[in-house]
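Okay, so here's the structure we're looking at.
Reckoned from all heavy atoms, side chains included, excluding hydrogens, waters and symmetry mates.
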There are 2 protein chains.
Amino acid sequence: MKRALVLFAHGARAASWAAPFERLRDLTHARLPEVEVRLAFLELMEPRLPETVAALVAGGARELTIVPVFLGQGGHLLRDLPLLAEGLRAAHPGLQLTVAGAVGEDPGVLAAMTDYCVRSLG
Amino acid sequence: MKRALVLFAHGARAASWAAPFERLRDLTHARLPEVEVRLAFLELMEPRLPETVAALVAGGARELTIVPVFLGQGGHLLRDLPLLAEGLRAAHPGLQLTVAGAVGEDPGVLAAMTDYCVRSLG
C-alpha cells in the first residue's frame with residue numbers, strides 16, 4: 001500500500017452525524033479498492049487527522065491526499081487545516097501530501113445539491 | 001408569490017464561507033424562477049432563519065420549504081432546527097412549512113461527493 005486518501009470532516013457530538021461521511025468513505029473505497037481510504041475528524045469525534053496520517057504512514061503510505069468534506073471555506077479550512085498540514089509535513093518528511101479543495105465547492109457536487117433543492121420543493 | 005424555498009446553512013466568521021451557498025441559491029433559483037429562493041443562517045452570518053421567513057410571509061409566501069444545507073445530522077439539525085421550526089409554526093400559523101432532510105444525506109449528493117473524492121486522487 002502506497003497511496004492513501006483521507007476524508008477530513010468536522011465532527012460533532014451526535015454520533016448520527018458521522019453516517020453520511022462513513023457512507024462516503026465506503027463508496028469511495030469501493031471505487032478505489034487499491035487505495036486506503038480513511039475518515040478523520042477535526043474535532044469532537046475520533047480519529048483525528050494526525051493519528052490517522054501517522055497510522056497510514058506507518059502502514060507504508062507514501063502519497064496521501066486529504067479531501068476536506070466541508071461545504072465552504074471557513075476558518076477550519078483557511079486556518080486549521082493548513083496548520084495541521086504543516087504539522088504533518090514536518091512529522092512525515094518522506095510523505096507526498098496533497099490537500100484538495102472543499103467538497104462543497106466542486107461544480108458536480110453543487111449541481112447535485114441543486115437537484116436536491118429543486119426536488120425538495122415537490 | 002406563494003411558494004418559497006429557504007436554504008438553511010450554518011454560517012461562519014469568514015465571509016468566503018458563504019460563496020458556495022450563494023452559488024447554490026442562484027443555481028436553484030435559475031431552475032425555479034417562479035419560487036422565492038433565499039439563503040438563511042443558523043449563526044455567525046446574516047440573515048437568520050426567523051427574519052428570512054417573516055419577510056417571505058410578509059411578501060405573501062404561503063408554502064415554505066426549508067432545505068438544511070448541512071452534510072450530516074448533528075445537534076444543529078437534531079435540536080436547533082426543530083426548535084426554530086416550532087417557533088416559525090407558532091409565529092406564522094397560516095404557513096405550510098416543510099423541513100427537508102440534510103443535503104449531505106441525499107444519494108445523488110453522496111454520489112457526486114464520491115466522484116469528487118475519486119478525482120481528487122488524480
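Between chain A and the residues A111(B), A15(B), G101(B), the largest count of heavy-atom pairs under 4.5 Å involves G101(B). With chain A as the partner, the residue from L27(B), I66(B), L44(B) showing the most heavy-atom pairs under 4.5 Å is L27(B). Annotation: maximal heavy-atom pairing with chain A below 4.5 Å, among H76(B), R23(B), R79(B), E63(B), occurs at R23(B). Ranking G74(B), A9(B), A19(B) against chain A, the residue ahead of the rest is G74(B), based on heavy-atom pairs under 4.5 Å.
With rounding to the nearest 0.5 Å, the separation of CG in L5(B) from CG in L121(A) is 5.5 Å.
Looking at F70(A), the atoms closer than 4.5 Å to chain B (heavy atoms on both sides) all sit in the backbone: N, CA, C or O. Contacts between L78(A) and chain B at a heavy-atom distance below 4.5 Å involve the side chain alone, from C-beta outward. For a residue to count as touching a neighbouring chain, one of its non-hydrogen atoms must lie under 4.5 Å from one of that chain's; by this rule R25(A) does not touch chain B. For V69(B), the parts lying near chain A are the backbone and the side chain together; criterion is any non-hydrogen pair under 4.5 Å. L7(A) touches chain B through its side chain: at least one heavy atom from C-beta onward sits under 4.5 Å away, while N, CA, C and O do not. Residue contact with chain B, scored on non-hydrogen atoms closer than 4.5 Å, involves the backbone of A102(A) exclusively. Contacts between V67(B) and chain A at a heavy-atom distance below 4.5 Å involve the side chain alone, from C-beta outward. Heavy atoms of L32(B) lying under 4.5 Å from chain A belong exclusively to its side chain.
A 4.5 Å side-chain heavy-atom check between T28(A) and M113(B) finds every atom pair outside the cut-off. Here the side chains of L71(A) and P20(B) are not in contact, with every heavy-atom distance at 4.5 Å or above.
Environment of CD in E22(B): crowded, with over 12 heavy atoms of neighbouring residues, nucleotides or ligands closer than 6.0 Å. Heavy atoms from other residues, nucleotides or ligands lying under 6.0 Å from CD of E51(A) number more than 12.
A donor-acceptor pair under 3.5 Å is absent between the side-chain atoms of R31(A) and the main chain of C117(B), judged by distance alone. Judged by distance alone, with hydrogens and angles left aside, the side-chain atoms of S16(B) form a donor-acceptor pair with the main-chain N or O of Q73(A) at under 3.5 Å.
Shortest non-hydrogen contact noted between A100(A) and Y116(B) is CB-OH, 3.9 Å. Contact detail for G108(A) and A112(B): the closest heavy-atom pair is O-CB, 3.6 Å.
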